[in-house]
Amino acid sequence: MASIHKNFAIDAHPDVVWDAVRDFGAVHQRLNPGFVVDCRLEGTVRILTFHNGVVAREELVNCDDTRRRLVYAIIGGERVRHYNGAVQVLENGGGQTRMTWIVDVLPNEIASYIASQMDIAIAAMQKTLGR
């Protein structure tokens, strides 16, 4: 199983970043506008439409306000057999945020594509949330 790790800074207070991350149904408005172009909730599942037309169903696995950690999984994907993502928002000093985003995915061959899409999403987060 491929495991993709991204660690990056956001020029915003961790409370602001966490508030956007934990708003599971508003990822297209508050966290990644432009990267995610539409999102709708069906219970604990969000149906996302990405900038490239890909549609995914992500189930909320855990939202931990104490640790500022959100875990989700893609369910019923056509391109992936397994996808589990975890995002954690950490303080980085001076009102800055350090974010860790880990995705475990199968098949291994799709990892480079997922990693490149994560890079695009990170740039969108930094632009949207940064001061």
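Remember, it's a predicted structure, so these values are computed and weren't measured experimentally.
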Worked check of side chain to side chain contact (heavy atoms under 4.5 Å, CB included) between H5 and V103: CA-CA 7 Å; H5 295 250; V103 171; over 6 Å; no

Working for side chain to side chain contact (heavy atoms under 4.5 Å, CB included), residues T97 and V17: CA-CA 7 Å; T97 296; V17 175; 3.5 Å; yes

Pair Y72-E59, side chain to side chain contact (heavy atoms under 4.5 Å, CB included): steps then yes or no: CA-CA 5 Å; Y72 63 97; E59 184 166 16; over 6 Å; no

Mutual orientation of the aromatic rings belonging to H51 and F35 [parallel < 30°, tilted 30-60°, perpendicular > 60°]: tilted

Minimal non-hydrogen separation, G130 against I10, with atom names: N-CG2, 4.3 Å

D38 side chain reached by L48 side chain, heavy atoms, under 4.5 Å: no

Closest contact, heavy atoms only, I74 versus A56: CD1-CB, 4.4 Å

Sub-4.5 Å side-chain heavy-atom contact between V105 and H82: no

Separation between CD1 of I102 and CE of M118, rounded to the nearest 0.5 Å: 8.5 Å

Beyond-backbone contact of M125 with M99, side-chain heavy atoms, under 4.5 angstrom: yes

Value rounded to 0.5 Å, distance of CG in L60 from CG in L70: 5.5 Å

Side-chain touch I114/I4, heavy atoms, less than 4.5 angstrom: yes

Side chain to side chain donor-acceptor pair (under 3.5 Å) assessment of Q96 paired with D11: CA-CA 5 Å; Q96 303 285 311; D11 185 18; 2.6 Å; yes

Under 3.5 Å donor-acceptor, Q126 side chain and A9 backbone: yes

Heavy-atom side-chain proximity of W101 to V21 below 4.5 angstrom: no

Gap separating the CZ atom of R79 from the OH atom of Y113, nearest 0.5 angstrom: 4.5 Å

Any side-chain heavy-atom pair of R30 and D19 under 4.5 Å: yes

Side-chain hydrophobic cluster, 4.5 Å single linkage: members besides I75: V45, I47, V55

E42/R57 ion pair, N-O < 4.0 Å: yes

Sub-4.5 Å side-chain heavy-atom contact between N32 and T128: no

Between SG on residue C39 and CZ on residue F50, distance to nearest 0.5 Å: 9.0 Å

Any pair counted as side-chain hydrogen bond (donor to acceptor under 3.5 Å, both in side chains), so long as it reaches residues 60-69, sequence neighbours left out: D15-R68, W18-D65, R22-D65, D64-R67

Contact check, side chains of I110 and V80, non-hydrogen atoms, under 4.5 Å: yes

Trace of the side chain to side chain contact (heavy atoms under 4.5 Å, CB included) decision for L129 with L31: CA-CA 7 Å; L129 296 170; L31 190 62; 3.7 Å; yes

Separation between CD1 of I122 and CD of Q117, rounded to the nearest 0.5 Å: 11.5 Å

Straight-line distance of L41 CG to F24 CZ, nearest 0.5 Å: 7.5 Å

Donor on one side chain, acceptor on other, T100 and N7, under 3.5 Å: yes

